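Have a look at the structure below, then the notes.
Here, residue 1 is the first one in the sequence, and each next residue gets the next number. Bear in mind that the values here come from a model prediction, so they are computed numbers and not experimental data.
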Amino acid sequence: MLIDAAARTVAGLLRDAEVSAEAMRRCGHRFSAGGGLVCRGETVRFGVRVAPGLRVPLRTRITDVSPTGLESVLVAGPLRALAHRTTLTPTAAGTLVLDEVEWTSPLGGLGRLGDVVLGRGLVLRLLAARADVLVERAPEVTGRPVVVATALLRDGAVLAAQRTRPPELAGRWELPGGRVEPGESEPDAVARELREELGADVRATGRLGTDLPLADVLLRVHTAELEPGSPEPQPLEHAALRWVAAADVPDVDWVAADRAVAADLVELLRKGPPAAS
């Protein structure tokens, strides 16, 4: 399947809980996750309809989510093993999406017969439904205004800023940033927003994680570093600032959108900044 969108955008749609929920609904099944964007290490729940009035509960854990795809494994359910891998490959015409599903059925030969009669058809219908949802959602998401968030790095730590508003987010922590203005490049927006919010001069150095589809915008996380001679960042529009090391990232009370890249932040801080892209 080919999607007319960048791989990072398609990856963001793959982790959008509403995309999975809509695909499951179209096939008569149920899906639930802890938030709007699934994260690495999260467990999601399925209610698979196998007959009228009969649903089989399954739980799978997201083992990887990145610009190159998404992987999950079964952690509870009637199957002995199940693994699902979605691989994304950029092409000149869009992003090629390849799904691989492997499972082991119980009950020996009877289970293998069930695979042929029920299991494979069910999986193929689900993947087809998800493909339809991805094709439908991609143009709308691609056309949304872009917001940049910035992972500002220094000495193995990332800068977190404590929000003051709105009331439901006050006190929680975020990666600073803001909307990209018309005609403005994303790296330029990173530099402008951090100058306004922190009084610091920064340079964008790369991208982090997938695109993140939010309610009415598309969030993209950039990495950055302080320019030589830059003033020390100050909380001009926040309650406080703190430099967070890799070991402390999971314990920060991040806003939901930034929690979606917490695992990427940990990996980034342990390995060093990515190459510019």
Next item on the list: Determine yes or no for a side-chain-to-main-chain donor-acceptor pair under 3.5 angstrom, with Ser66 supplying the side chain and Thr68 the backbone.
Entry: yes
Next item on the list: Would you sort out whether Glu174 and His238 count as a side chain to side chain donor-acceptor pair (under 3.5 Å), showing the intermediate values?
Entry: CA-CA 10 Å; Glu174 69 174 0; His238 294 86; 2.8 Å; yes
Next item on the list: Please report the shortest heavy-atom distance between Thr210 and Ala11, naming the atom on each side.
Entry: CG2-CB, 3.5 Å
Next item on the list: State whether the number of non-hydrogen atoms from other residues, nucleotides or ligands found under 6.0 Å of Arg154 atom CZ is greater than 12.
Entry: yes
Item checked: salt bridge (charged side-chain N to carboxylate O under 4.0 Å, His left out) involving Asp16 - partner list, sequence neighbours excluded -> none
Notebook entry, point to check: Should Arg25 and Glu22 count as an ion pair when the cut-off is N to O under 4.0 Å?
Noted result: yes
Check: How would you list, by chain and number, every residue that makes a side-chain hydrogen bond (donor to acceptor under 3.5 Å, both in side chains) with Asp4, sequence neighbours excluded?
Finding: none
Item checked: Closest contact, heavy atoms only, Ala5 versus Thr142 -> CB-OG1, 3.9 Å
Note to self: Quick one about Glu186 and His222 (side-chain donor to acceptor, distance below 3.5 Å, no hydrogens or angles considered), yes or no?
What the structure shows: yes
Margin query: Quick check against the 3.5 Å criterion: does Thr86 have a side-chain atom that pairs as donor or acceptor with the backbone of Asp99?
Written below: no
Next item on the list: Look at Arg179 together with Glu184 and state whether they make a salt bridge at an N to O cut-off of under 4.0 Å.
Entry: no
Next item on the list: Indicate yes or no: does Arg40 engage Asp264 in a salt bridge with an N to O separation below 4.0 Å.
Entry: yes
Margin query: Taking Leu212's backbone N and O only, do any of them form a donor-acceptor pair with Arg8's side chain (distance below 3.5 Å, no angle check)?
Written below: no
Check: Is there any side-chain hydrogen bond (donor to acceptor under 3.5 Å, both in side chains) pair reaching into residues 53-63, and which pairs are they, with sequence neighbours excluded?
Finding: none
